[in-house]
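Atoms within a ligand are numbered from 1 in the order they appear, just like the ligands themselves. When a residue number appears, it is its place in the shown sequence, counting from 1. Only this structure's heavy atoms are used, side chains among them; waters, hydrogens and symmetry mates stay out.
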Amino acid sequence: MDRQKELITLEEYIIHAQNKFPGATGELSQLLRDIGLAAKIISREVNKAGITNILGLEGSENVHGENVKKLDLFANEQLISALSRSNITCMVISEENEGLVRLSADAGKYIVFMDPLDGSSNIDVSLSIGSIFSIYMRPEGKHKLTDQDALQPGVKQVAAGYVLYGSSTVLAYTTGLGVRIFTLDPSIGEFILSQRDVKIPDYGNIYSADEGSYNFWDPGLKQYVKYCQQIDADTGRPYKARYVGCMAADVHRTLMQGGIFMYPDSTRYPNGKLRLMYECNPLSFIIEQAGGMAIDGKGRIMEIQPQAIHECTPVYIGSKKNVEKLKEFIDQYDGE
Ligand code: P6P
């Protein structure tokens with residue numbers, strides 16, 4: 001069979017990619033495979049959530065005071081269990097847990113941040129949801145780790161990615177050498193390589209934001225959205241407005257079709273709503289690796305020095321030309 005047409009599974013691809021690095025220990029490969037296994041189990045439950053008793057609220061709240069859905073907890077448990085299997089991860093920081101979760105592998109090489117089920121308000125209405133992960137090295141020579149050891153800027157990520165449970169289940173990841181996308185074939189229970197070296201269009205005609213919050217926004221974003229809505233054939237305006245309410249889904253569409261996703265700081269969310277460590281940094285790593293751009297309105301998301309494991313940030317992410325145009329409006333209307 002022609003190799004080009006042969007199915008390449010996530011496991012095969014990871015091992016093949018690792019073999020290019022003679023010094024590789026295989027630990028990161030194993031970590032990525034463990035995440036892939038958890039993703040298959042979560043996908044199975046997501047796709048039959050309406051049948052089994054797994055929809056609805058679990059009854060508790062997460063660190064952000066948001067109601068926790070049963071699938072949130074299931075996804076969190078599956079990912080923590082998968083990361084505990086191979087004694088490679090020393091600690092996990094999850095949206096679903098107040099503090100850091102120390103795994104048995106105290107000497108484990110990696111620290112994992114994750115949003116186990118991003119966009120969970122979409123669960124009960126069968127819209128897209130996702131899992132997002134971000135992987136850092138454990139600081140050298142440190143035995144007893146604290147929150148501070150986990151607070152590394154996004155440029156220190158060794159790998160990041162997301163799983164999108166949508167019309168199909170896709171897994172995208174990067175280790176800093178470009179972006180790969182795999183699509184789950186449920187009939188064989190394997191993620192199959194579907195796109196090798198994904199590049200985001202340099203310009204797109206889709207903008208994505210919760211416009212219901214317009215009156216909470218700063219002037220720069222208000223003026224930019226008006227710009228998106230003006231009629232101008234040369235620049236493909238008016239743009240289309242698309243907003244799923246799940247960052248992984250909105251960023252995946254932006255990666256595929258171009259454009260911009262925005263969740264700004266506002267009078268409602270003075271520091272933005274989306275979390276730096278397990279939403280914005282991993283998705284910024286993916287988008288930058290695909291040739292796009294991700295800023296907080298001033299500078300690169302991935303250069304922010306985090307002060308707290310659950311901190312939030314404004315985020316404007318997508319095609320380079322779209323983000324640069326937005327930045328012009330912010331500088332013009334919101335300048336110091
Ligand atoms: P809003 C989901 O809760 C999330 O964290 C992101 O996935 C999503 O982009 C955003 O919040 C949606 O926020 O305020 O529109 O419900």
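- Near Y243, with a cut-off below 4.0 Å to any heavy atom, the atoms of ligand 1 are 1 (P), 12 (C), 13 (O), 15 (O).
- More than 12 heavy-atom neighbours from other residues, nucleotides or ligands sit within 6.0 angstrom of NZ on K199.
- Not a single heavy atom of D250 sits less than 4.0 Å from an atom of ligand 1.
- For ligand 1, the atoms sitting less than 4.0 Å from at least one non-hydrogen atom of R275 are 5 (O), numbered in the order shown with element in parentheses.
- Ring pair F216/Y269: centre-to-centre distance not below 6.0 Å.
- Of the candidates M247, K273, E279, K273 brings a heavy atom nearest to atom 16 (O) of ligand 1.
- The contact set between ligand 1 and L274, taken as ligand atoms under 4.0 Å from a residue heavy atom, comprises 4 (C), 5 (O), 6 (C), 10 (C), 11 (O).
- Here the options are F285, F113, Y110, the test is ring pair (Phe, Tyr, Trp, His ring centres under 6.0 Å), and the partner is Y136; only F113 passes.
- Taking the six-membered ring for Trp and the full ring otherwise, F329 and Y224 have centroids separated by under 6.0 Å.
- Residue C246 places a heavy atom under 4.0 Å from ligand 1.
- Taking the six-membered ring where the residue is Trp, F261 and Y243 present parallel rings, their angle staying beneath 30° rather than reaching 60°.
- Protein heavy atom in closest approach to atom 14 (O) of ligand 1: Y263 OH, 2.6 Å.
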Q | salt bridge (Lys or Arg N to Asp or Glu O under 4.0 Å) between K40 and E11, intermediate numbers included | A | CA-CA 13 Å; K40 292 179 200 175; E11 285 70 10; 3.8 Å; yes
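- Interface atoms of ligand 1 facing F261, defined by a heavy-atom separation under 4.0 Å, are 9 (O).
- Looking at G119, G245, A248, it is G245 that brings a heavy atom closest to atom 8 (C) of ligand 1.
- A donor-acceptor contact shorter than 3.5 Å is absent between the side chain of R242 and the backbone of D250.
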